[in-house]
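Here's the structure we're looking at; comments come further down.
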Amino acid sequence: MSSPHDFDFFHGDWDVLHRRRTDFLDPDSDWEEFPSTSRCLPLFDGAANLDEIDMPHLSAKGATLRLFDRESEQWSLYWASSISGTLFPPVVGRFEGGIGTFHGDDTYDGKDIRARFVWSGISDTSARWEQAFSVDGGDSWLTNWIMEFTRSSGTTAG
């Protein structure tokens, strides 16, 4: 069952290795890899958090606001990009068995998509995030972005 402390592991500073498709909807597109850094701050006694990720390779930063709804016991994750300056529609979900799965509707390159974020491999010093898109309502998924998080040297969870 999800709780307001599901993302406590993520508080603090991280080094990130990205692996993403050059075309998010093309299963034959190339993958590119690049490093970044991320910092996550707890809010609302753990029932919310805000992270900023700095991706020099893309000349971009991003921010995610995560909010826990105590009534539904679900998280809503909102992504914002420094490139567009917009807040994207949320993905909503929960943690079960140590894995967080979140879904939401969006558009990409003019197409309606279903987005899925999965958090897994969670420990005090590492975590994995994956993004996948579906153009057929969730019948099939194409993983298009993977981030491997490693705790920055000399830091601990917030």
Side-chain angles (χ1 to χ4, degrees), residues 2 6-41 48-69 72 74-152 157:
S2 251
D6 289 331
F7 279 101
D8 284 1
F9 75 91
F10 201 48
H11 302 159
D13 296 333
W14 297 88
D15 294 318
V16 188
L17 178 61
H18 297 257
R19 185 169 187 256
R20 73 177 204 155
R21 291 189 184 276
T22 54
D23 181 335
F24 285 179
L25 298 178
D26 181 358
D28 296 321
S29 66
D30 291 332
W31 288 90
E32 65 176 339
E33 291 188 4
F34 57 92
S36 73
T37 57
S38 177
R39 172 173 282 172
C40 181
L41 305 171
N49 64 60
L50 179 66
D51 80 75
E52 181 181 39
I53 191 162
D54 184 5
M55 300 172 285
H57 173 76
L58 300 178
S59 299
K61 292 185 180 190
T64 304
L65 173 64
R66 298 175 189 85
L67 300 167
F68 184 73
D69 181 327
S72 69
Q74 293 191 101
W75 286 90
S76 297
L77 286 57
Y78 298 85
W79 166 255
S81 167
S82 67
I83 293 172
S84 66
T86 59
L87 187 63
F88 290 82
V91 292
V92 177
R94 62 175 35 107
F95 281 83
E96 292 182 26
I99 296 173
T101 306
F102 309 89
H103 293 92
D105 295 318
D106 204 343
T107 58
Y108 178 77
D109 204 20
K111 295 181 176 125
D112 290 336
I113 58 137
R114 186 108 174 111
R116 179 182 69 197
F117 294 177
V118 176
W119 281 94
S120 64
I122 296 167
S123 75
D124 289 341
T125 59
S126 63
R128 178 185 176 101
W129 174 88
E130 293 181 30
Q131 172 181 276
F133 286 173
S134 174
V135 294
D136 58 14
D139 289 336
S140 63
W141 294 94
L142 176 63
T143 299
N144 54 38
W145 199 326
I146 299 167
M147 287 190 265
E148 298 286 350
F149 290 83
T150 305
R151 183 69 64 190
S152 293

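The analysis underlying the following values was restricted to heavy atoms, covering all of them including side chains, and did not include hydrogens, waters or symmetry mates. All residue numbers refer to positions in the sequence shown, counting from 1.
The minimum heavy-atom distance between Thr143 and Arg116, with the atom names listed, is OG1-NH2, 4.4 Å. Nearest heavy-atom pair across Phe95 and Ser2 is N-OG, 2.7 Å. Looking at every heavy atom in both residues, Leu25 comes nearest to Val135 through CD2-CG1, 4.0 Å. Heavy atoms only, all atoms of each residue included: Pro35 and Pro56 are closest at O-CD, 4.4 Å. Taking all atoms of both residues into account, the shortest heavy-atom contact from Thr64 to Leu77 is CG2-CB, 4.4 Å. Among all heavy-atom pairs drawn from Ser29 and Asp23, the shortest one is OG-O, 3.1 Å.
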| request: In sequence, state the C-alpha distance, the side-chain angles, and the governing distance for Arg151 and Asp124, and then conclude on side-chain contact (heavy atoms from CB on, under 4.5 Å). | output: CA-CA 8 Å; Arg151 183 69 64 190; Asp124 289 341; 5.8 Å; no
| request: Take Ile53 and His18 through the test side-chain contact (heavy atoms from CB on, under 4.5 Å) and record every step on the way to the result. | output: CA-CA 11 Å; Ile53 191 162; His18 297 257; 3.7 Å; yes
| task | Show your working on side-chain contact (heavy atoms from CB on, under 4.5 Å) between Glu96 and Thr101 and close with a plain yes or no. | result | CA-CA 8 Å; Glu96 292 182 26; Thr101 306; over 6 Å; no
| request: Go through the steps to decide whether Trp145 and Glu130 satisfy the test side-chain contact (heavy atoms from CB on, under 4.5 Å), and finish with yes or no. | output: CA-CA 6 Å; Trp145 199 326; Glu130 293 181 30; over 6 Å; no
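Taking 4.0 Å as the cut-off between side-chain N and carboxylate O, Asp51 and Arg66 count as a salt-bridged pair. Salt bridge annotation for Arg39-Glu52: absent, with no cationic side-chain nitrogen under 4.0 angstrom from a carboxylate oxygen.
Atom OG of residue Ser134 and atom CZ of residue Arg114 lie 8.5 Å apart, to the nearest 0.5 angstrom. Here CH2 of Trp14 is found 6.5 Å from OG of Ser126. Values are rounded to the nearest 0.5 Å. Here OG of Ser38 is found 9.5 Å from CG of Asp54. Values are rounded to the nearest 0.5 Å.
A side chain to side chain contact (heavy atoms under 4.5 Å, CB included) with Ser36 is found for exactly one of Met147, His57, Met55, namely Met55.
In summary, the aromatic rings of Phe149 and Trp119 are positioned with their centroids under 6.0 Å apart.
Relative orientation of the Tyr108 and Phe133 rings is tilted, given thresholds of 30° and 60° on the angle between their planes.
No donor-acceptor contact under 3.5 angstrom links the side chains of Asp69 and Gln74, judged on distance only.
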